[in-house]
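Encoded as structure tokens, the structure appears first; notes follow it.
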Number of protein chains: 4
Amino acid sequence: MTDHRQGPVRSEAARLAILEATARLFLSKGYDHLTMEGIAAEAGVGKQTIYRWWPSKGDVVADCLLDGLLLPDSLRPQDTGDIRADLAAWVAGIFLVLDRPDGEGLLRSIIAAAAGNADVGRRIYEGLGASSSMADRIRKAIAEEGLPADTPVEEVGEAIVGAVILRALSRSPIDEAGARRLVGALLG
Amino acid sequence: MTDHRQGPVRSEAARLAILEATARLFLSKGYDHLTMEGIAAEAGVGKQTIYRWWPSKGDVVADCLLDGLLLPDSLRPQDTGDIRADLAAWVAGIFLVLDRPDGEGLLRSIIAAAAGNADVGRRIYEGLGASSSMADRIRKAIAEEGLPADTPVEEVGEAIVGAVILRALSRSPIDEAGARRLVGALLG
Amino acid sequence: MTDHRQGPVRSEAARLAILEATARLFLSKGYDHLTMEGIAAEAGVGKQTIYRWWPSKGDVVADCLLDGLLLPDSLRPQDTGDIRADLAAWVAGIFLVLDRPDGEGLLRSIIAAAAGNADVGRRIYEGLGASSSMADRIRKAIAEEGLPADTPVEEVGEAIVGAVILRALSRSPIDEAGARRLVGALLG
Amino acid sequence: MTDHRQGPVRSEAARLAILEATARLFLSKGYDHLTMEGIAAEAGVGKQTIYRWWPSKGDVVADCLLDGLLLPDSLRPQDTGDIRADLAAWVAGIFLVLDRPDGEGLLRSIIAAAAGNADVGRRIYEGLGASSSMADRIRKAIAEEGLPADTPVEEVGEAIVGAVILRALSRSPIDEAGARRLVGALLG
DNA sequence: CAATAAGCGAGACGGTACGTCTCGTCTTGCT
DNA sequence: AGCAAGACGAGACGTACCGTCTCGCTTATTG
């Protein structure tokens with residue numbers, strides 16, 4: 001006895017339309033002004049189709065995040081062979097991409113989503129979408145650039161991402177010099 | 001020549017009632033479920049009296065924060081003479097006070113408020129309500145406990161508070177060992 | 001091919017609840033103190049459900065009037081075979097039913113509604129709810145009681161109803177003698 | 001022993017400013033959209049100064065009416081020596097001055113005021129502002145134009161004004177022919 | 001000629017209702 | 001059974017006015 005139910009199966013077209021509409025609206029209006037009704041209308045989908053598969057706005061956004069529809073690929077640290085310079089550049093650069101001191105910066109919108117939804121929060125932790133690539137970069141530096149082997153990779157990554165988040169909340173981007181001081185303090 | 005207007009003056013009683021009602025509701029229900037109507041009702045005040053003086057919910061919360069109605073005093077780091085132990089204890093302890101993995105942790109509620117409102121964000125940065133006292137604690141360690149004079153105090157403080165915020169968002173508190181590793185990485 | 005939309009259809013239960021609640025509140029509190037919120041609460045209905053189908057308070061009242069929920073049936077003139085006596089009795093009697101010199105007389109409330117809403121106004125004209133029956137009565141008098149055939153039925157009816165309205169506005173009911181003089185002047 | 005209190009006496013300037021502002025706003029926006037706050041602002045007067053002397057909006061409007069600030073003088077019937085023609089002309093003409101089928105006709109606004117306020121109602125009855133002059137015109141016709149002496153002057157006047165009001169409420173002006181039929185029915 | 005008290009402009013106050021928006025659920029007819 | 005459409009009860013939004021009150025100023029009468 002297989003468990004084939006009768007009737008149609010989940011529509012992949014609807015799922016995609018919803019996620020893409022969500023990403024579009026999130027990027028243009030921010031998390032706060034994103035509404036379920038707006039998503040349904042933008043996706044050309046009944047509201048019930050959203051509620052059938054996702055319990056809340058936050059969960060839809062979490063899925064967007066997971067599918068990489070919200071964050072650009074440019075978030076992974078470069079590798080020039082100088083770990084300190086690469087991390088400092090990442091920190092200073094992220095504000096150019098994700099944050100505007102005024103308005104609904106994308107980073108702040110994601111933080112708001114994370115504050116309201118556990119899944120989004122966990123996704124963020126699993127690397128600000130992509131920055132577990134930061135842990136990779138640090139490990140590579142341990143292996144090849146002479147960074148001490150007992151460097152606590154996780155904690156260093158969290159401290160960097162955390163400092164960025166704090167500054168995003170306070171609307172005061174970290175500049176080049178600040179980024180170097182931060183990385184210097186963490187990597188000795 | 002002072003600018004004495006004629007006519008009635010702002011009611012201090014109403015101002016206080018509003019801030020206290022806001023604090024009460026914020027602590028019991030969190031930022032998301034806080035409403036202007038609820039504040040007005042709880043304070044025994046007309047809605048217009050709130051809108052007359054604060055443009056949005058976030059601004060009322062920001063004033064609460066400023067008045068110290070939201071955060072306990074227990075947030076300042078202790079001073080046992082051992083800077084690493086004191087900071088690690090602060091980090092591990094803050095989750096006991098401000099965060100519950102389930103529900104609307106107070107810290108996450110404040111983060112949500114900060115994400116939506118610039119004033120709240122700035123207040124947080126000016127020390128998570130109280131943690132500029134953390135900078136003070138670090139400076140004291142430079143002066144008296146042999147911490148290197150070139151330790152970038154601001155950045156270290158931000159990294160610690162930022163890591164805490166990141167973990168609050170991801171619903172995974174920092175434990176004792178993690179706190180020690182974090183502080184160790186920052187202070188060498 | 002009829003134009004069957006898909007999706008839910010207007011709820012007859014809600015429509016009825018709204019009209020009945022409106023009638024109840026109109027009769028107990030008058031037009032001025034009737035509110036959309038009050039209707040919604042009394043009907044156990046969301047405000048949007050009212051606004052979805054009626055643009056304003058006046059239009060809801062107009063529908064009540066049309067459905068006969070506001071005016072009693074006793075408004076049609078009697079037929080004793082004496083047109084003058086019947087009309088005079090109707091005039092004198094209407095103040096007993098619809099008007100109280102103090103307070104929010106029902107007739108004045110309907111006048112207020114008519115002044116503010118074209119639909120209500122037209123409904124009133126189409127017979128004070130029922131008084132086109134007055135025209136019928138006059139025509140019957142032409143046919144059977146020897147009233148001149150060139151009596152301008154419409155104008156006589158309007159003059160009578162108009163006089164009643166004017167006296168309702170001025171809070172001075174027409175008494176028996178006045179009613180007889182009025183009818184006498186109109187029917188010669 | 002006169003009861004002269006001490007202190008300043010009622011400001012005539014304020015009284016006039018209020019009545020004139022009320023008339024201005026009434027004529028431009030109608031009774032419904034007239035507000036006490038609007039009157040105060042337009043008159044450059046404190047709200048309390050209005051409430052000190054008039055208990056409600058309706059009473060201010062009633063005073064305007066009494067002072068002749070709302071109705072033009074052109075409302076008195078002409079005297080060409082032909083009572084029927086004069087009254088018919090008055091009826092047909094009044095819609096040109098006071099009523100527009102759409103919008104907030106002045107006559108309908110006054111009716112609304114009368115429905116909500118006893119004083120306004122009585123003022124209207126005392127002659128639609130000026131039409132007790134209509135009774136004068138009818139009496140003159142009795143004296144000089146051979147109208148029967150037992151014509152019930154009051155009732156005829158009320159029937160005419162009432163018919164006009166009814167038609168104003170129903171948004172269907174009386175035309176020349178209708179006016180002649182009405183007057184004919186009333187004066188034989 | 002003070003002292004006194006009322007009127008005044010201004011406008012904050014506790015409220016009520018407005019008309020709109022979004023929530024999450026439910027219903028309908030189509031596929 | 002899933003779907004688009006969209007009505008439904010609920011309730012918060014931010015605004016407009018209500019009628020009362022308080023403030024500091026001006027002005028007339030009275031002791």
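Since the model is a prediction, treat every value here as computed from it, not as a measurement.
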Could you give all pairs that pass the side chain to side chain donor-acceptor pair (under 3.5 Å) test and reach residues 23-32 of chain B, with sequence neighbours left out?
B:Arg24-B:Glu42
Only counting residues at least two apart or in another chain, list the ones meeting side chain to side chain contact (heavy atoms under 4.5 Å, CB included) with [X].
X	value
A:Thr35	A:Glu37
D:Asp67	D:Arg15, D:Leu19, D:Leu69
D:Ala43	D:Ala17, D:Ile18, D:Ala21, D:Val45

With sequence neighbours excluded, residues passing side-chain hydrogen bond (donor to acceptor under 3.5 Å, both in side chains) with [X]:
X	result
D:Ser11	none
C:Asp63	C:Trp54
D:Thr49	none

Please list residues of residues 33-52 of chain A whose heavy atoms come under 4.0 Å from any atom in DNA chain E, ordered by number; otherwise none.
A:Thr35, A:Met36, A:Glu37, A:Lys47, A:Gln48, A:Tyr51
If I take atom [atom1] in residue [X] and atom [atom2] in nucleotide [N], what distance separates them, rounded to the nearest angstrom?
X	N	atom1	atom2	result
B:Asp59	F:dG14	CG	P	11 Å
D:Trp53	E:dG9	CH2	P	12 Å
A:Asp32	E:dT22	CG	P	13 Å
D:Glu12	E:dC8	CD	P	11 Å
B:Arg10	F:dC23	CZ	P	16 Å

Residue-phosphate contact under 4.0 Å: C:Trp54 side-chain N/O, E:dG19 OP1/OP2
no
Judged by each residue's nearest nucleotide on DNA chain E, which is more toward the 5′ side, A:Pro55 or D:Pro8?
D:Pro8
Protein-nucleotides 1-4 of chain E N/O pairs under 3.5 Å:
{"unit_1": "E:dT4", "atom_1": "O2", "unit_2": "D:Gln6", "atom_2": "NE2", "d": "3.0"}

Atom CG in B:Leu65, atom OG1 in B:Thr22: separation rounded to 0.5 Å?
12.0 Å
